[in-house]
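To find a chain, count down the sequence lines: A is the first, B the second, and so on, and within it residues start at 1.
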Amino acid sequence: MFPAVDVCQVHKHFGSLHALDGVDLRIDQGEFFGLLGPNGAGKTTLINLLAGLALPDGGRMSIMGRDVVKQYRASRRLLGVVPQELVFDPFFSVRETLCLQSGYFGLRSNDAWIDELLHHLDLADKADTNMRRLSGGMKRRVLVAQALVHKPPVIVLDEPTAGVDVELRQTMWRFIQQLNRDGHTVLLTTHYLEEAEALCNRIAMLKRGKIVALDSTQNLLSSIAGCRVKLRLAAALPDALLPLVVEQKEGDYILELPSYEAVEPMLAELRLAGVAVQQMNLEQPDLADVFLRVVGKGES
Amino acid sequence: MLSFYTLFYKEVLRVWKVSFQTVLAPVLTALLYLLIFSHVLEQHVEVYPGVRYTAFLIPGLVMMSILQNAFANSSSSLIQSKITGNIVFVLLAPIAYWEFFAAYVLASVARGLVVGAGVYLATLWFAQPPLQFPLWIVLFAVLGSALLGSLGVVAGIWAEKFDQLAGFQNFIIMPLTFLSGVFYSIHSLPPFWQGLSRFNPFFYMIDGFRYGFFGVSDISPWFSLAVVGSCLVVLAGFTLALLRSGYKLRL
Ligand SMILES: Nc1ncnc2c1ncn2[C@@H]1O[C@H](COP(=O)(O)OP(=O)(O)OP(=O)(O)O)[C@@H](O)[C@H]1O
Ligand SMILES: [Mg+2]
């Protein structure tokens with residue numbers, strides 16, 4: 001079985017900028033894969049190369065075994081891309097847009113599937129509205145529908161939920177997850193890390209054109225051992241605990257503990273000092289912690 | 001094949017939706033030219049013996065409208081798609097570069113022919129040039145609009161801003177049109193300009209087209225056909241190579 005996406009030593013330069021610096025990536029069929037990274041890391045550039053919107057300076061890429069440069073027509077039929085930019089054709093209505101896109105992919109009568117897409121993306125009542133008269137979030141959902149008109153086995157979503165309201169985000173993800181369960185491979189980029197954590201089975205992190213982390217979501221999360229404790233105290237924190245503090249705001253201390261076993265000694269220390277605990281929260285590390293650790297805070 | 005057809009259909013639909021600007025406006029422009037030039041020159045100029053100046057002018061104006069609109073169609077559609085970004089929908093699809101070429105060029109031909117027919121019908125009211133060889137008329141109209149449609153594809157891909165496209169139009173298309181004998185026969189020019197006109201492909205397109213009406217021309221229509229045909233083959237080859245390389249479309 002071919003991998004859904006195979007990227008091998010891909011390089012891309014923009015003038016003196018090395019936007020992609022030897023990227024290797026292999027996504028198996030049926031995965032829900034997250035591609036994360038700070039602004040300018042190269043996520044969109046990588047997606048553009050996969051889609052043939054840009055040409056690589058070196059390396060090979062294929063979609064389900066079809067080379068994206070040499071077998072561009074076959075590979076594009078297997079790929080559906082939701083571009084990051086909010087683009088639309090102001091001459092047409094939502095339905096016309098989707099019918100034209102179907103035609104570009106060689107599909108003559110696609111109305112049943114188009115209706116289903118409109119329904120799932122909550123666009124049914126806007127079907128005959130001109131694209132210009134849609135709100136930003138609606139335009140984004142039309143982009144998602146456009147990417148899916150030809151039922152591509154590999155779906156690439158470049159920040160599909162930017163500007164989409166909470167409720168529709170949920171509906172949209174339910175739909176995409178359903179597609180994933182039906183066997184479609186999904187490649188997602190997003191800056192909402194909770195989204196990636198909840199949806200993706202595997203995650204790659206990109207920084208300055210290089211993959212700096214690549215593992216299952218579970219492994220990435222457990223790579224940060226221990227936990228964080230948020231404390232509100234009746235008095236000042238004992239000196240012995242000060243080294244554990246990572247943040248202090250408005251009388252709350254946030255401590256990072258190496259493991260859950262460290263919780264008991266910490267409480268003992270407080271008891272010894274006679275400091276009463278008014279409030280305590282234990283927080284699991286989340287993807288944001290992993291992200292900041294791997295990609296680095298501040299610098300990008 | 002359906003990809004090509006859909007892209008062609010989209011281009012035609014786009015023209016149709018704004019037909020006021022894309023068809024009606026150019027017809028009106030051509031009528032203004034006709035009114036002014038025929039009013040000023042009717043009494044003074046006789047280009048072909050026994051042919052009124054207005055009748056002489058009409059085929060030239062029709063061809064000029066065909067050529068300008070064919071160019072405008074592909075070039076403005078492409079630059080609009082590039083600037084608004086919606087060209088990605090076409091670039092993401094499994095459309096071969098030659099299908100892309102054929103769709104844009106044929107849509108340009110369609111727009112050119114519709115505008116040309118509109119100008120012709122509107123001018124009939126002023127004068128009725130004969131229709132000696134309709135086949136030559138159609139042949140030159142199709143080849144000329146294909147040539148300009150192809151040039152429009154090149155310009156639309158090359159230009160990054162509307163003013164660059166306007167420059168292309170003002171510094172290349174307009175001078176070549178006006179110096180091609182739309183308003184006069186090149187035999188009325190001084191020898192230097194006559195010689196220069198021979199290097200202008202637009203001259204052959206207009207002259208050949210006019211031959212279809214009057215059965216008279218400055219130069220053999222067969223020769224004009226050869227020149228226009230060769231220009232089309234060379235330009236189409238160049239445009240296809242450009243599209244194939246992804247120049248300015250696929251970064
Ligand atoms: N067409 C281009 N010309 C020049 N530089 C470019 C071009 N496209 C992208 N870049 C540069 O390449 C780098 C990677 O950009 P890219 O759009 O891939 O980032 P990204 O990871 O998608 O970021 P974001 O999260 O902001 O979308 C950036 O430094 C960007 O400035
Ligand atoms: Mg991006």
| Is atom CG of L32(B) surrounded by more than 12 heavy atoms (other residues, nucleotides or ligands) closer than 6.0 Å? | yes
| query | Do you know which of C99(A), G80(A), G52(A) has the most heavy-atom pairs under 4.5 Å to chain B? | reply | G52(A)
| Set of ring-ring contact (aromatic ring centres under 6.0 Å, His included) partners for F178(B), sequence neighbours left out | F183(B)
| Heavy atoms, side chains only, cut-off 4.5 Å: are L53(A) and L92(B) in contact? | yes
| query | Checking side chain to side chain contact (heavy atoms under 4.5 Å, CB included) for the pair V88(B)/V87(A): CA distance, chi angles, key distance, verdict? | reply | CA-CA 8 Å; V88(B) 295; V87(A) 292; 3.9 Å; yes
| field | Neighbour count above 12 (heavy atom, 6.0 Å) for F238(B) CZ | value | no
| query | With sequence neighbours excluded, what pairs up with R60(A) under the salt bridge (charged side-chain N to carboxylate O under 4.0 Å, His left out) test? | reply | none
| message | Taking side chain as everything from C-beta outward and backbone as N, CA, C, O, which of these in L107(A) sits under 4.5 Å from a heavy atom of chain B? Side chain, backbone, both or neither. | response | backbone
Counting backbone as well as side chains, what donor-acceptor pairs lie under 3.5 Å between chain A and chain B?
residue	atom	partner	partner atom	Å
K12(A)	NZ	L251(B)	O	3.1
G52(A)	O	R250(B)	NH1	2.7
L53(A)	O	L251(B)	N	3.2
L55(A)	N	L251(B)	O	2.7
R73(A)	NE	P94(B)	O	3.3
R73(A)	NH2	E99(B)	OE1	2.9
R76(A)	NH1	L91(B)	O	3.4
R76(A)	NH1	A93(B)	O	3.2
F88(A)	O	N86(B)	ND2	3.0
F91(A)	O	K17(B)	NZ	3.1
E96(A)	OE1	K17(B)	NZ	2.9
E96(A)	OE2	K17(B)	NZ	3.2
Q101(A)	NE2	F89(B)	O	3.2
G103(A)	O	T6(B)	OG1	3.4
Y104(A)	O	S3(B)	OG	3.0

| query | Heavy-atom distance under 4.5 Å to chain A: side chain of L249(B), backbone, both or neither? | reply | backbone
| field | Listed once per pair and sorted, the ring-ring contact (aromatic ring centres under 6.0 Å, His included) pairs that draw on residues 70-91 of chain B, sequence neighbours left out | value | F71(B)-F168(B)
